[in-house]
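Proteins come first, then strands; the chains are lettered A, B, ... in the order of their sequence lines, and each starts at number 1.
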2 protein chains.
Amino acid sequence: MPRPTVHDIASKAGVSLATVDRVLNSRPGVRAKTIDKVNAAISEIGYVRDVAAANLARQRDYRFVFVIPKGESWFLRQLENVIDEARHRVISQRIQVETVRVDADNPHALVAMLDHFGYHRVDGIAVMAPETPQLRDAITHLRQEGITVLALLSDLPNSAVDDFVGIDNVAAGRTAAALIGRFMGETSARDILVIAGSMLARDHIDRRLGFDQTIQAMFPKLRVLPTLEAWNDANVIAKRLPALLAANRQIGGIYSVGGGNSGVIDVLAKQGRGDVTVIAHDLTPITQHGLLSGVIDALIVQDLGHAARSAVRLMRARRDREPVLQAQERIRLEIIIKENLPEEGGQIHLEERQ
Amino acid sequence: MPRPTVHDIASKAGVSLATVDRVLNSRPGVRAKTIDKVNAAISEIGYVRDVAAANLARQRDYRFVFVIPKGESWFLRQLENVIDEARHRVISQRIQVETVRVDADNPHALVAMLDHFGYHRVDGIAVMAPETPQLRDAITHLRQEGITVLALLSDLPNSAVDDFVGIDNVAAGRTAAALIGRFMGETSARDILVIAGSMLARDHIDRRLGFDQTIQAMFPKLRVLPTLEAWNDANVIAKRLPALLAANRQIGGIYSVGGGNSGVIDVLAKQGRGDVTVIAHDLTPITQHGLLSGVIDALIVQDLGHAARSAVRLMRARRDREPVLQAQERIRLEIIIKENLPEEGGQIHLEERQ
DNA sequence: ATGAAAGCGCTAACAC
DNA sequence: GTGTTAGCGCTTTCAT
């Protein structure tokens with residue numbers, strides 16, 4: 001027996017297709033009594049709407065834009081790659097995905113870009129940028145136009161975004177603290193150096209916050225030194241870290257909040273400081289090498305591919321006013337050590353395991 | 001300008017819709033020259049096929065079955081729940097998902113069930129069961145019928161399955177070893193007790209294997225005791241563990257490979273053995289409580305919801321002969337400590353964060 | 001307030 | 001080999 005369609009509802013309820021459709025989409029102009037008849041028929045025959053057919057008839061298509069910072073870091077390039085991958089995956093579902101790069105440190109350029117999309121027809125924007133008053137206003141404006149706005153990877157807590165896609169960075173900091181504390185164990189060196197960038201201000205601030213919380217609560221004997229601001233720049237770290245290590249022999253741990261990890265790895269490797277426990281963020285060729293060579297003890301990672309796909313799903317769900325499966329959209333805060341380092345793997349075709 | 005359709009290809013190439021369709025689906029009966037013309041038109045106008053419309057016209061629907069063990073453990077109930085959740089999510093995409101429970105320890109019942117599906121029309125089966133010769137043969141048969149077969153959570157390395165959906169359990173064991181070794185640090189107690197069930201033989205074997213590998217390689221001073229076989233039964237553990245702890249004061253760590261964790265938690269809590277480092281698997285109310293109360297130091301977790309959705313996506317992709325995004329289907333081996341314990345969350349509707 | 005009919009983009013008989 | 005035509009399940013004018 002084939003699956004029931006709108007025709008089945010119509011004949012069961014003794015009405016026409018148009019009326020069924022009106023009820024299905026809760027459009028006005030149907031008597032309450034008729035609505036009841038139709039609904040009765042629907043539940044009686046166990047009808048489930050075929051969304052693909054509906055969207056086809058509606059000629060619905062989607063246009064989503066990712067706005068991410070200019071810059072050539074491995075992280076940002078990787079982000080652009082996974083967005084592009086997501087784009088390919090959904091293009092056959094009438095979903096158009098674009099990426100634009102803006103100078104994140106220039107609020108005016110960013111806002112100009114966003115305003116532009118307010119006039120052209122887009123359904124959703126996912127933006128990764130530091131929060132400024134100008135950005136806040138631009139987001140309010142976009143949402144008034146009915147455009148979905150997501151904060152991507154770096155939260156915008158004071159803006160009227162529909163959602164935040166990314167890990168809880170306070171929890172990330174707490175996790176880093178728990179790991180570094182337990183890994184350091186009972187060493188005599190009780191100082192921890194925190195190295196942060198600052199470009200994605202909000203996430204770095206949150207991580208430091210969570211880190212301090214947990215060190216204080218769980219490892220009161222450990223002391224967290226003032227943040228070394230290194231602008232995610234390996235050269236800055238390579239220049240400043242040796243002096244810090246020389247001046248303070250008590251440094252037994254480093255929490256690298258942002259980028260520039262090759263600086264950390266080079267300095268520690270050169271000085272043979274295998275005794276220093278290091279926790280860093282993000283899985284890149286550099287941090288992977290650090291992990292395998294033993295300089296980095298653990299990484300805290302978010303799956304960028306997941307974030308990109310999740311952002312697309314969220315924007316589509318909002319456009320269609322459909323519910324979201326929260327569990328699927330939660331970006332996991334992953335702890336990676338040498339033993340659970342994932343293997344590489346891209347698009348696999350059918351032939352792989354036959 | 002609207003997005004190009006088959007009609008646009010047809011007029012551009014000067015052929016009919018039917019011919020375009022033949023080329024698009026690489027069906028025979030078209031001259032090579034015509035094929036070239038059509039393909040030229042396709043790439044010239046940048047055509048992308050609307051898969052929803054195609055599936056509608058094909059009247060394609062899917063029928064997938066999950067075959068999982070009988071039993072009322074939290075783990076199995078949770079598995080059934082997430083499969084049901086996945087079922088709801090895809091029902092409007094003409095995908096029918098069913099779950100059947102079989103006595104996994106009775107190879108004949110299992111095989112009878114699978115044979116049944118070989119006769120009725122199913123497109124894919126995801127099976128969680130221990131590998132037996134009978135199962136191996138049944139799978140070979142199903143695949144000859146053109147049915148996709150997946151190994152779910154517990155691998156079937158010697159069977160002709162299309163794919164395995166779940167974590168790498170050897171890597172899970174290695175990860176457990178690395179964590180327990182580092183967490184134990186320089187305590188004087190150097191013995192580790194391994195508690196395993198046996199129902200899902202394969203995964204437990206793999207975990208123990210990986211565990212031993214890494215302890216030997218990284219922590220040669222630690223000694224792993226013979227496995228306590230407890231059949232995932234908290235009562236068995238509650239009975240036998242106290243004696244083992246009393247007989248051997250050197251036990252400083254416990255790796256709980258399977259279920260029955262409430263037994264471990266109760267015994268350790270009652271005896272005030274906060275000094276014992278414990279690593280367990282799976283996030284359940286029991287293990288969550290163990291983590292929060294400090295008895296369990298870390299959990300190794302796989303997201304069952306992800307596994308269920310992934311299985312459905314894989315079976316559909318195989319049915320449609322479409323490629324799979326490997327990165328999305330990799331079930332992550334997650335390390336959970338108190339600090340990165342995820343919050344609860346089910347279906348969220350639009351109103352949540354406005 | 002309700003219905004008839006055309007059509008979304010694609011596929012599949014069946015005809016030539 | 002190639003073309004014509006009638007749908008797939010749903011939405012949407014336009015009548016009534």
Side-chain angles (χ1 to χ4, degrees), chain A residues 1-39 41-42 45-62 90-96 319-322, chain B residues 1-39 41-42 45-62 90-96 319-322:
Chain A
M1 177 186 66
R3 126 188 204 135
T5 73
V6 278
H7 290 93
D8 300 320
I9 305 176
S11 60
K12 186 100 196 172
V15 296
S16 75
L17 283 186
T19 299
V20 172
D21 187 67
R22 288 184 188 105
V23 176
L24 242 32
N25 297 289
S26 37
R27 270 189 278 271
V30 190
R31 275 188 319 182
K33 228 173 185 165
T34 314
I35 296 184
D36 291 343
K37 270 199 305 194
V38 172
N39 280 327
I42 288 176
I45 64 181
Y47 168 82
V48 183
R49 181 212 228 96
D50 180 332
V51 283
N55 281 339
L56 175 60
R58 285 194 178 106
Q59 301 192 70
R60 171 161 301 183
D61 50 12
Y62 309 82
V90 298
I91 195 166
S92 65
Q93 301 166 46
R94 318 172 124 245
I95 300 176
Q96 197 189 130
R319 171 74 230 272
D320 291 342
R321 303 179 174 287
E322 283 201 342
Chain B
M1 178 185 67
R3 118 187 211 139
T5 74
V6 278
H7 291 93
D8 300 321
I9 306 177
S11 60
K12 184 100 196 173
V15 298
S16 76
L17 281 186
T19 300
V20 172
D21 186 64
R22 288 184 186 104
V23 176
L24 240 33
N25 296 289
S26 36
R27 270 189 279 269
V30 190
R31 276 189 319 186
K33 229 175 185 165
T34 316
I35 296 183
D36 291 343
K37 268 199 305 192
V38 172
N39 280 328
I42 287 175
I45 64 181
Y47 169 81
V48 182
R49 182 213 230 95
D50 180 332
V51 282
N55 281 338
L56 175 60
R58 283 194 179 105
Q59 301 192 70
R60 173 161 300 182
D61 50 12
Y62 310 81
V90 298
I91 195 166
S92 65
Q93 301 165 47
R94 317 173 124 244
I95 301 176
Q96 196 188 132
R319 171 75 230 272
D320 291 342
R321 303 179 175 288
E322 282 201 343

Is it the case that the side chain of [X] and the backbone of [Y] share a donor-acceptor pair, with hydrogens and angles ignored and the cut-off at 3.5 Å?
| X | Y | value |
| --- | --- | --- |
| B:Arg22 | B:Leu17 | no |
| A:Asn25 | A:Asp21 | yes |
| A:Asn39 | A:Asp36 | no |

How many Å lie between [atom1] on [X] and [atom2] on [N], as a whole number?
| X | N | atom1 | atom2 | answer |
| --- | --- | --- | --- | --- |
| B:Ile45 | C:dG9 | CD1 | P | 12 Å |
| B:Asp8 | C:dC8 | CG | P | 11 Å |
| A:Ile95 | C:dG9 | CD1 | P | 16 Å |
| A:Asp21 | D:dT13 | CG | P | 11 Å |
| A:Arg60 | D:dG9 | CZ | P | 21 Å |
| B:His7 | C:dT11 | NE2 | P | 12 Å |
| B:Tyr47 | C:dG9 | OH | P | 10 Å |
| A:Leu17 | C:dA6 | CG | P | 14 Å |

By nearest atom, which of the nucleotides [options] is closest to the [X] side chain?
| X | options | answer |
| --- | --- | --- |
| A:Leu56 | D:dC10, C:dC10, C:dC8 | C:dC8 |
| B:Asn25 | C:dG9, C:dT11, C:dT2 | C:dT11 |
| A:Ser16 | C:dA4, D:dC8, D:dT2 | C:dA4 |
| A:Arg31 | C:dC8, C:dA1, D:dC10 | C:dA1 |
| A:Arg58 | D:dT4, D:dT11, C:dG3 | D:dT11 |
| A:Val30 | C:dT2, D:dT11, C:dC10 | C:dT2 |
| B:Arg49 | C:dA13, D:dC10, C:dT11 | C:dT11 |

For this session: Could you check if a side-chain atom of A:Val90 sits within less than 4.5 angstrom of a side-chain atom of A:Gln96, using non-hydrogen atoms only?
Result: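 Sidechains of A:Gln96 and A:Val90: no contact.
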
Remember a base hit wins even if backbone is also touched, and classify [X] as base, sugar-phosphate or nothing at under 4.0 Å, heavy atoms.
| X | result |
| --- | --- |
| A:Asp50 | sugar-phosphate |
| A:Ala54 | sugar-phosphate |
| B:Arg27 | sugar-phosphate |
| B:Arg94 | sugar-phosphate |

For this session: Check whether any side-chain N or O of B:Thr19 sits under 4.0 Å from OP1 or OP2 of D:dG3, and answer yes or no.
Result: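 Result: yes.
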
Problem set entry | Distance test, side-chain N/O of A:Thr34 to OP1/OP2 of C:dT2, below 4.0 Å |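 Answer yes for this pair, as a side-chain N or O of A:Thr34 is under 4.0 Å from OP1 or OP2.
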
Problem set entry | 5'-most by nearest nucleotide on DNA chain D - A:Val51 or B:Val15 |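 Upstream on the strand: B:Val15.
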
Exercise. Closer to the 5' end of DNA chain D via nearest nucleotide, is it B:Ile35 or B:Gln59?
Worked result: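 Result: B:Ile35.
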
Exercise. Is there a donor on the side chain of A:Arg22 or the base of C:dG3 sitting less than 3.5 Å from an acceptor on the other?
Worked result: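 Under the 3.5 Å cut-off, the side chain and the base do form a donor-acceptor pair.
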
Problem set entry | A:Asp50 with B:Arg94: basic N within carboxylate O range, under 4.0 Å |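 Yes, A:Asp50 and B:Arg94 are salt-bridged.
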
Problem set entry | Residue pair A:Lys12 / A:Ala41: nearest heavy atoms and the distance that separates them |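 Where A:Lys12 meets A:Ala41 most closely, the heavy atoms are CG-CB, 3.7 Å.
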
